[in-house]
Amino acid sequence: MDRNGERRRRTERAARPPHSGRDLGLDRHHSARIYDYFLGGKTNFPPDREVAEKLLAAFPGFRNAARANRAFMHRAARFLAERGIHQFLDIGTGIPTSPNLHEVVQAMVPRSRVVYADNDPIVLAHARALLTGSAEGRTAYVDADITRPDSILHSAQVRETLDLDRPVALCLVGLLHYITDEHDAHGIVRHLVEAIPAGSHVVLSQCTPDFAPEEWEQAMDVYKMDGGSAQVRPKEEFARFFEGLDLVEPGIEVPHRWHPDEDTSHVVNLPPHDPGDTTDALVSMWAGVARKP
């Protein structure tokens, strides 16, 4: 039996994104495409760019925040891979931006397995970039909504790709501010954490008004007026997501201060920047990693 050939065929089949026939929603903005615009990506459209520019006028730090958040995700993924976590469930994936999470961890541990989940049809359309990983590892994509966590946990992609009896890294990076209290954000995270075994880790980040309250109030007003739904949270509310978990040092921190390295500007499409632009106020996010005991 040609095992290498069969492995390649399985990877090729997995890399074919499903055809849902869904409305791509190009006539209205979407948070994943706005984030892509802030990262300097190309998968965004006039409605996304229009809202993004309005947001930048209200709070000029959105590009700084997007860069710092993406770099935090990469550092957290490397941190966990180095410590033996080789399964990742990344919810709220966003538009593929290389290096993606699976590229980061499979470069370190080729057998790593990653499942992505998002509900933007544009992300689905670009899923091939998320599904072409190392021959030794596995990647999969779930078209599902975080507000229905069981649609992710019980999906065939999760069941067939991850072993939920072994530790998993649950990543909700730059996602929680899109889940309002109306949708019970803390309950959703708690439900997801209950589904993963002891020894698993949770990687979270979210926007906060703590450093620039007036600017964030303006930004949220702009986003809501354009039909968006979001909720920024102060540190004490963000900390509630980690209840019952053991925070990894340095605990809850702004993302650019969480295990910083010398240079992470290469992880996004933006040109090199002045490190002085990465201030707590311009980033205005909290981030943390915690272990499930």
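Bear in mind the structure is a predicted one, so any value in this text is a computation, not a measurement.
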Contact summary for Tyr141 and Asp120, nearest pair of heavy atoms:
OH-O, 4.0 Å
Decide ring-ring contact (aromatic ring centres under 6.0 Å, His included) for Phe238 and His177; before the verdict, give the C-alpha distance in whole Å, the side-chain angles of both, and the deciding distance to 0.1 Å.
CA-CA 10 Å; Phe238 180 66; His177 38 258; 9.9 Å; no
Does some side-chain heavy atom of Pro197 sit less than 4.5 Å from a side-chain heavy atom of Arg166?
no
Test your reading of the model: is there a side-chain donor-acceptor pair from Gln106 to the backbone of Ser134, 3.5 Å cut-off?
yes
Side-chain contact test, heavy atoms from C-beta onward, threshold under 4.5 Å: evaluate it for Glu237 versus Gln231 and give yes or no.
yes
Side chains of Ser98 and Asn100: do they bring a donor and an acceptor to under 3.5 Å?
no
Can you confirm whether more than 12 heavy atoms, excluding those of Glu217, are under 6.0 Å from its CD atom?
no
If you look at every heavy atom in Ala68 and Pro255, which pair is closest and at what distance?
O-CB, 3.9 Å
Angle class for the Tyr116/His102 ring planes (parallel below 30°, perpendicular above 60°, tilted otherwise)?
perpendicular
When you compare the side chains of Asn69 and Tyr35, does any donor N or O come within less than 3.5 Å of an acceptor on the partner?
yes
Reported CD-to-CZ distance for the pair Glu53 and Phe62, which is rounded to 0.5 angstrom
11.5 Å
Should Val202 and Val168 be regarded as members of a common hydrophobic cluster, given that ILVMFWY residues are connected when their side-chain heavy atoms come within less than 4.5 Å of each other, either directly or indirectly?
yes
Minimal non-hydrogen separation, Pro149 against His191, with atom names:
CG-CD2, 3.7 Å
Establish, yes or no, whether a centroid distance under 6.0 Å links the rings of Phe45 and His30.
no
Whether Arg75 side chain and Arg70 backbone form a donor-acceptor pair below 3.5 Å:
no
Do Ser205 and Trp286 have side-chain atoms, one donor and one acceptor, less than 3.5 Å apart?
no
Hydrophobic cluster mates of Met108, side-chain heavy atoms under 4.5 angstrom, ILVMFWY only, any path?
Val109
So, does Asp184 use its side chain to make a donor-acceptor pair with the main chain of Gly187 at under 3.5 Å?
yes
Looking only at atom types and distance, does a side-chain atom of Asp36 sit under 3.5 Å from a main-chain N or O of Thr43, one as donor and one as acceptor?
yes
Starting at CG of Leu247, measure out to CD of Glu249 and round the result to the nearest 0.5 Å.
8.5 Å
Path from Phe211 to Met285 over hydrophobic side-chain contacts below 4.5 Å
no
Gln87 versus Ser112, side-chain donor and acceptor atoms under 3.5 Å:
no
Quick one: does Leu172's side chain get under 4.5 Å of Val203's, heavy atoms only?
no
Result of checking Asn64, Asp280, Thr278 against His256 for side chain to side chain donor-acceptor pair (under 3.5 Å):
Asp280
Passes side-chain hydrogen bond (donor to acceptor under 3.5 Å, both in side chains), Tyr178 versus Gln206? Steps please.
CA-CA 9 Å; Tyr178 296 116; Gln206 106 133 78; over 6 Å; no
If every non-hydrogen atom of Ala219 is compared with every non-hydrogen atom of Leu55, which pair is closest and at what distance?
O-CD2, 3.5 Å
What one should report as the nearest heavy-atom pair of Met220 and Ala230 is SD-CB, 3.8 Å
Any Phe241 side-chain heavy atom under 4.5 Å of His186 side chain
yes
Decide if atom CD of Glu236 counts as having more than 12 heavy atoms of other residues, nucleotides or ligands within a radius under 6.0 Å.
yes
Report whether Val248 and Val254 are members of the same hydrophobic cluster (ILVMFWY, side-chain heavy atoms less than 4.5 Å apart, transitive linking).
no
Taking 4.0 angstrom as the limit, do Arg233 and Asp181 come out as a salt bridge?
yes
Is any NZ, NE, NH1 or NH2 atom of the basic residue among Arg78 and Asp261 found under 4.0 Å from an Asp or Glu carboxylate oxygen of the other?
yes
Assess Arg83 against Phe79: is NZ or CZ under 6.0 Å from the centre of the six-membered ring, and within 45 degrees of the ring's axis?
yes
Would you confirm whether Ser200, through its side chain, and Pro167, through its main-chain N or O, come within 3.5 Å as a donor-acceptor pair?
no
Would you check if Val104 and Leu101 make a side-chain contact, meaning some heavy-atom pair closer than 4.5 Å?
no
Do Val105 and Val115 sit in the same hydrophobic cluster, where Ile, Leu, Val, Met, Phe, Trp and Tyr count as joined when their side-chain heavy atoms come under 4.5 Å apart?
no
Rounding to 0.5 Å, atoms OG1 (Thr97) and CG (Leu39) come to a distance of 5.5 Å
In Å and rounded to the nearest 0.5 Å, what is the CG to NE2 distance from Asp246 to His201?
9.0 Å
Is a side-chain N or O of Lys235 found less than 3.5 angstrom from the main chain of Asp210, in a donor-acceptor match?
no
Min side-chain heavy-atom separation Cys207-Ser284 under 4.5 Å
no
Is it possible for you to say whether Tyr223 and Trp216 belong to one hydrophobic cluster, with membership spreading through side-chain heavy-atom contacts below 4.5 Å?
yes
Decide yes or no for Leu162 and Leu89: does some side-chain heavy atom of the first lie under 4.5 Å from some side-chain heavy atom of the second?
yes
What is the ring orientation for Phe72 with Trp258, classed by angle as parallel under 30°, tilted 30 to 60°, or perpendicular over 60°?
perpendicular
Could you tell me whether the side chain of Ser229 and the main chain of Gly227 form a donor-acceptor pair under 3.5 Å?
no
Answer whether the closest heavy-atom distance between the side chains of Thr208 and Val232 falls below 4.5 Å.
no
Quick check against the 3.5 Å criterion: does Thr161 have a side-chain atom that pairs as donor or acceptor with the backbone of Val158?
no
Any donor-acceptor pair under 3.5 Å linking the side chain of Asp118 with the backbone of Gly94?
yes
